[in-house]
Amino acid sequence: MTELYQHRARKRFGQNFLHDAGVIHRILRAIHGREGERLLEIGPGQGALTEGLVASGAHLDVIELDQDLIPLLKLKFGLNPNFTLHQGDALKFDFSALAGSDKLRVVGNLPYNISTPLIFHLLAHADVIADMHFMLQKEVVERLAAEPGGGDWGRLSIMVQYHCRVEHLFNVGPGAFNPPPKVDSAIVRLVPHTKLPHPARDPKILERVVREAFNQRRKTLRNTLKNLMSTDMIEAAHVEPGLRPEQLDIAAFVRLANVLADLSPSN
Ligand code: SAM
């Protein structure tokens with residue numbers, strides 16, 4: 001379709017539009033939308049991915065924050081009966097209300113400036129999400145997919161892997177976008193667990209322990225957790241207080257959170 005007007009990419013909305021047909025095709029193949037499914041695209045922009053998502057026959061909802069892009073999206077896709085456009089902020093969107101009885105498949109070439117808070121917002125709705133495919137800064141994908149023991153393992157890896165299986169699918173260079181971002185990008189697939197492998201008694205306490213532990217990631221747990229729990233409590237969770245937070249797997253963090261939860265009946 002010929003462009004009807006020229007939209008200037010806006011930095012404050014994290015706008016880097018995909019223009020590489022090969023990359024777009026590869027992303028659509030990884031998503032593989034099918035008739036009868038519920039897809040939700042965050043930040044459709046000028047519709048680079050939207051076109052193929054609508055063509056899959058799935059029902060597609062899109063959420064776009066930039067008002068200036070709404071007329072273009074309406075014009076390109078508004079006549080499709082399986083297309084619904086929402087103008088608004090994905091960070092405030094109630095994904096559970098939209099899902100109804102069908103689980104959502106969420107996709108998006110996300111604005112990098114809000115990708116972490118957006119992922120945390122989506123995790124709060126993980127029970128209504130079948131899977132998520134996102135383009136993110138490569139460094140963020142590496143943190144999402146990290147394993148314990150390395151420098152990438154931290155709060156983001158733990159809280160996302162608590163809820164989801166993570167697959168780093170492939171990398172995308174800056175040249176695939178207009179304007180090109182200053183960083184490399186990557187596609188990640190997040191699949192919420194149907195049954196949590198390590199359920200915490202109180203997920204809010206788990207979040208607190210993980211945040212506190214990684215506030216000073218070079219220090220030992222004995223030090224980083226001292227405002228939350230004693231050395232005895234750490235040992236009661238069968239965790240060595242002399243370890244550093246990046247050496248602990250999710251199961252160990254959940255044990256720490258459960259010891260704390262047992263002593264905090266009000267939480
Ligand atoms: N999907 C398009 C593509 O691949 O070419 C655009 C991707 S661009 C990186 C991010 C898009 O998200 C932009 O269209 C931007 O306006 C939109 N956006 C930014 N912040 C948003 C928010 N809070 N909620 C919904 N959309 C947002």
Side-chain angles (χ1 to χ4, degrees), residues 1-31 33 39-56 58 60-78 80 83-95 97-98 104-125 129 132-141 169-189:
M1 189 186 232
T2 46
E3 296 306 334
L4 292 152
Y5 76 109
Q6 205 60 36
H7 176 84
R8 275 172 67 104
R10 292 211 173 90
K11 219 172 174 178
R12 75 188 156 102
F13 291 135
Q15 291 177 349
N16 298 96
F17 298 114
L18 267 171
H19 70 87
D20 183 319
V23 171
I24 293 169
H25 184 66
R26 209 167 161 202
I27 297 170
L28 291 170
R29 223 172 38 211
I31 298 167
L39 299 182
L40 170 69
E41 185 185 9
I42 297 173
Q46 296 175 309
L49 295 171
T50 319
E51 188 125 22
L53 296 173
V54 168
S56 73
L60 177 68
D61 286 85
V62 303
I63 313 167
E64 176 54 62
L65 181 61
D66 185 352
Q67 287 196 26
D68 289 353
L69 288 168
I70 301 300
L72 176 75
L73 289 165
K74 274 192 183 150
L75 198 65
K76 276 190 173 177
F77 308 110
N80 288 286
F83 176 81
T84 312
L85 175 62
H86 308 264
Q87 197 265 314
D89 185 349
L91 282 170
K92 297 186 184 137
F93 198 79
D94 185 351
F95 295 91
L98 187 68
L104 298 173
R105 302 192 65 204
V106 183
V107 311
N109 169 14
L110 296 188
Y112 294 168
N113 49 346
I114 59 156
S115 59
T116 303
L118 195 52
I119 289 172
F120 276 101
H121 179 55
L122 284 158
L123 291 180
H125 299 270
I129 296 175
M132 299 173 255
H133 289 80
F134 294 134
M135 173 89 79
L136 297 167
Q137 213 171 309
K138 184 168 143 239
E139 189 194 300
V140 174
V141 172
L169 295 183
F170 54 89
N171 298 335
V172 179
F177 305 84
N178 189 11
K182 290 197 175 68
V183 293
D184 281 326
S185 304
I187 297 287
V188 70
R189 176 184 288 144

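Here the structure is a predicted model, which means the values were calculated and not measured. Read the numbers this way: they start at 1 and go in the same order the structure lists the ligands and their atoms.
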Completion exercise
Within the 4.0 Å heavy-atom cut-off, what Gln46 brings close to ligand 1 is neither
Fill in the blank from the handout: shortest atom 3 (C) of ligand 1-to-protein heavy-atom contact is with Asn109 ND2, 3.5 Å
Problem - Interfacing atoms of ligand 1 (cut-off 4.0 Å, heavy-atom, Leu18) - result: 3 (C), 4 (O), 5 (O)
Fill in the blank from the handout: So the atoms of ligand 1 within less than 4.0 Å of a heavy atom of Asp66 turn out to be 16 (O)
Fill in the blank from the handout: protein heavy-atom neighbour closest to atom 19 (C) of ligand 1 works out as Phe13 O, 3.1 Å
Practice task
Nearest heavy atom to atom 27 (C) of ligand 1 wins, so pick from Leu65, Asn178, Ile27, Leu136.
Solution key: Leu65
Exercise for the section: Just need the protein heavy atom nearest to atom 17 (C) of ligand 1, so name the residue and atom and give the distance. Expected result: Glu64 OE2, 3.3 Å
Exercise for the section: Before signing off on this row, confirm whether Ala90 and ligand 1 have an N or O atom pair separated by under 3.5 Å. Expected result: yes
Fill in the blank from the handout: So for Thr50 against ligand 1, with non-hydrogen atoms under 4.0 Å, the contacting part is neither
Exercise for the section: Say whether Leu110, considering both its backbone and side-chain N or O atoms, lies within less than 3.5 Å of an N or O atom on ligand 1. Expected result: no
Completion exercise
Near Gly88 (heavy-atom distance under 4.0 Å), the atoms of ligand 1 are 24 (N), 25 (C)
Fill in the blank from the handout: Numbered in order shown, the ligand 1 atoms found under 4.0 Å of a heavy atom of Asn16 are 7 (C), 8 (S), 9 (C)
Handout entry: Identity and separation of the nearest protein heavy atom to atom 8 (S) of ligand 1
Key = Gly14 O, 3.6 Å
Fill in the blank from the handout: If you scan protein heavy atoms around atom 20 (N) of ligand 1, the nearest is Pro111 CG, 3.5 Å
Completion exercise
heavy-atom search around atom 13 (C) of ligand 1 in the protein gives Gln15 CG, 3.6 Å
Problem - Which of the ligand 1 atoms, numbered from 1, are nearer than 4.0 Å to a heavy atom of Ile63 - result: 25 (C), 26 (N)
Exercise for the section: For ligand 1, note which part of Leu69 has a heavy atom under 4.0 Å away: side chain, backbone, both or neither. Expected result: side chain
Problem - Top protein contact for atom 6 (C) of ligand 1, by heavy-atom distance - result: Gly43 O, 3.4 Å
Handout entry: His133 vs Leu169 side-chain heavy atoms within contact, under 4.5 Å
Key = yes
Practice task
Can you see which heavy atom on Leu39 is nearest to which on Ser56, and at what distance?
Solution key: CD1-OG, 4.1 Å
Handout entry: Phe95/His121 aromatic ring centres below 6.0 Å
Key = yes
Completion exercise
Counting from 1 in the order shown, the ligand 1 atoms closer than 4.0 Å to a non-hydrogen atom of Glu41 are 1 (N)
Practice task
Examine Asp89 against ligand 1 and note whether any of their N/O atoms are separated by less than 3.5 Å.
Solution key: yes
Practice task
Test side chain to side chain contact (heavy atoms under 4.5 Å, CB included) on Asn171 and Asp184 and set out the steps.
Solution key: CA-CA 7 Å; Asn171 298 335; Asp184 281 326; over 6 Å; no
Practice task
Could you tell me whether the side chains of His86 and Asp61 share a donor-acceptor contact shorter than 3.5 Å?
Solution key: yes
Problem - Beyond-backbone contact of Ser185 with Leu136, side-chain heavy atoms, under 4.5 angstrom - result: no
